Amino acid sequence: MPSPSPASLTVDLNALAANYRTLERVGGVPVHPVVKADAYGLGAERCAARLMREGARTFFVARTREGEVLRTALGPQPAIYVLDGCLAGRAGRLRAADLRPVLNTAEQLADWRAAGGGRCGLQIDTGMNRLGFRSEAAPEPFEGLDLVLSHLACADDPAEPMNARQRDAFALAAARYPGTVRSFANSGGIFLGPDYGFDASRPGICLYGGGPEGRPDARIRPVATLAAEVLQVREVPAGESVGYSRRFIAETPRRIATIAAGYADGVLRSYSPEGRVRVGGAVRPIAGQVSMDVCAVDVTGLEVAVGDPAELFGPNRMLDETAAAAGTVAWELLTSVGPRAVRTYVD
Ligand SMILES: *Cc1c(COP(=O)(O)O)cnc(C)c1O
């Protein structure tokens with residue numbers, strides 16, 4: 001593990017590349033990576049550049065601004081779709097950066113065409129009721145449309161009957177647009193089976209080492225490691241407390257390691273009390289409330305020294321388990337890693 005001080009987020013781009021290849025193999029169709037929210041906090045420029053080296057030629061972002069940044073980083077070659085679509089007054093910026101809006105409404109379509117149009121995608125809402133045209137209100141095929149997509153609401157639950165309903169509704173709606181690329185499966189969708197593949201998948205979290213179903217899949221490799229070093233080790237006598245609000249009381253004498261990572265680095269306060277940290281060769285509970293700069297870990301019985309690395313998540317402490325212990329999901333955990341955590345890349 002690289003030197004963890006201060007809190008560091010290490011991104012293994014080789015693991016990212018391996019996940020990309022795995023998702024292409026499992027899904028059986030080209031992978032169009034989702035690199036929104038700065039590639040889920042891992043750094044969109046570095047991640048997308050590496051994915052391009054692996055063969056990716058089409059990317060998705062959420063915001064126009066994210067697309068502009070990515071275009072500058074990647075150059076003219078790849079297609080970049082913007083999931084927000086063509087917001088009022090944005091057509092000029094989209095066209096200037098050669099971004100393709102995923103049009104969600106008749107107004108967006110009208111604005112895009114009024115500004116001269118060009119290549120774009122279309123989102124069909126097959127039941128999530130979030131973004132996109134309802135199937136019955138989807139537009140006639142039009143010049144420039146090269147991709148049609150829909151998004152699964154429950155892809156993380158293979159037993160959910162809505163998955164098949166959405167798949168069938170998408171197949172029907174997409175048939176109106178022959179010759180366009182049909183993009184359906186997110187990470188979870190790729191693992192639902194070949195009939196969810198259509199022409200291209202759109203994974204995010206599995207590229208970055210999470211899931212797909214809120215629990216680790218052996219084929220997906222961990223990509224991100226959040227680690228920090230031990231700042232101090234102390235013996236806490238029975239009856240004393242640790243941290244703010246006395247949330248941890250030492251019933252018996254405890255050895256406590258203070259770790260140089262707190263909620264400003266992405267160790268959510270909800271890590272307490274169920275959170276676990278890998279330190280001194282063992283996985284140990286967080287003791288008391290996480291604070292801004294540090295958290296305390298009960299290392300009683302372990303040999304732990306100042307400067308030792310502590311892993312919040314990574315190869316030895318699965319992202320999905322960490323997320324579950326914090327009462328959240330891998331997506332939120334990754335995107336919550338704070339700007340103070342130093343990003344380093346293994347390439
Ligand atoms: C975020 C997003 C994805 C990626 O989802 P994952 O579950 O992270 O694979 C795909 N499609 C759309 C429309 C999204 O918003």
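Every value quoted in this text rests on a predicted model; they were computed, and no experiment measured them. Index from 1, following the sequence.
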[atom1]/[X] to [atom2]/[Y] distance, rounded to the nearest 0.5 angstrom?
| X | Y | atom1 | atom2 | answer |
| --- | --- | --- | --- | --- |
| L87 | W112 | CG | CH2 | 12.0 Å |
| R317 | R278 | CZ | CZ | 10.5 Å |
| D199 | L147 | CG | CG | 9.0 Å |
| S241 | R247 | OG | CZ | 11.5 Å |
| N186 | I205 | CG | CD1 | 10.5 Å |

I'd like to know whether R113 forms a salt bridge (charged side-chain N to carboxylate O under 4.0 Å, His left out) with E143, so could you lay out the CA-CA distance, the side-chain angles of the two residues, the decisive distance to 0.1 Å, and finally the verdict.
CA-CA 9 Å; R113 286 167 125 174; E143 176 78 27; over 6 Å; no
Check: residues 26-33 side-chain donor-acceptor pairs under 3.5 Å, at least two apart:
none

Is there a continuous path of hydrophobic side-chain contacts, each under 4.5 Å between heavy atoms, that joins [X] to [Y]?
| X | Y | answer |
| --- | --- | --- |
| L83 | V35 | yes |
| V242 | V306 | no |
| V294 | V233 | no |
| V290 | M292 | yes |
| V329 | V223 | yes |

Distance-only side-chain donor-acceptor flag, [X] / [Y], under 3.5 Å:
| X | Y | answer |
| --- | --- | --- |
| R100 | Y81 | yes |
| R255 | T300 | no |
| N14 | R221 | no |
| T252 | R254 | yes |
| E332 | T328 | yes |

Using modelled atom types and a 3.5 Å cut-off, is there a donor and acceptor pairing between side-chain atoms of [X] and backbone atoms of [Y]?
| X | Y | result |
| --- | --- | --- |
| R246 | Y244 | no |
| R202 | S183 | yes |
| S270 | A326 | yes |
| R71 | A97 | yes |
| Q108 | D84 | yes |
| R284 | D298 | yes |
| R276 | A325 | no |
| S272 | G288 | yes |
| Y208 | P222 | no |

Close side-chain approach of [X] to [Y], heavy-atom, < 4.5 Å:
| X | Y | value |
| --- | --- | --- |
| P78 | T58 | no |
| V230 | D308 | yes |
| I80 | F60 | no |
| L16 | Y345 | no |
| L9 | V342 | no |
| V181 | F198 | no |

Determine the interplanar angle of the F170 and F184 rings, folded into 0 to 90°, and report it as parallel if under 30°, tilted if 30 to 60°, perpendicular if over 60°.
parallel
Under the side chain to side chain donor-acceptor pair (under 3.5 Å) criterion, do T344 and S8 qualify, and how do the steps go?
CA-CA 7 Å; T344 53; S8 69; 5.3 Å; no
Decide yes or no on side chain to side chain contact (heavy atoms under 4.5 Å, CB included) for V11 and V346, but give the supporting numbers first.
CA-CA 6 Å; V11 180; V346 179; over 6 Å; no
Have a look at L99 and tell me which of R93, E68, R90 forms a side chain to side chain contact (heavy atoms under 4.5 Å, CB included) with it.
E68
With C295 as reference, evaluate I259, D265, T258 under the side chain to side chain contact (heavy atoms under 4.5 Å, CB included) test and give the passing residue.
I259
Indicate every side-chain donor-acceptor pair of residues 118-131 with a distance under 3.5 Å to a residue at least two apart or in another chain.
unit_1, atom_1, unit_2, atom_2, d
R119, NE, D146, OD2, 3.0
R119, NH2, D146, OD2, 3.4
Q123, NE2, N104, OD1, 3.2
D125, OD1, G127, N, 2.8
D125, OD1, M128, N, 3.0
D125, OD1, N129, N, 3.1
D125, OD2, N129, N, 2.9
D125, OD2, R130, N, 3.2
T126, OG1, S150, OG, 2.8
T126, OG1, Q166, NE2, 3.0
N129, OD1, R134, NH1, 3.3

Can you give me the closest heavy-atom contact between [X] and [Y], atom names plus distance?
| X | Y | value |
| --- | --- | --- |
| A155 | L192 | O-CD2, 4.0 Å |
| R343 | A341 | NH1-O, 3.0 Å |
| E140 | Y177 | C-CE2, 4.0 Å |

Are any of the side-chain nitrogens in R46 or D347 under 4.0 Å away from the carboxylate oxygens of its partner?
yes
Result of checking T225, N316, T322 against E311 for side chain to side chain donor-acceptor pair (under 3.5 Å)
N316
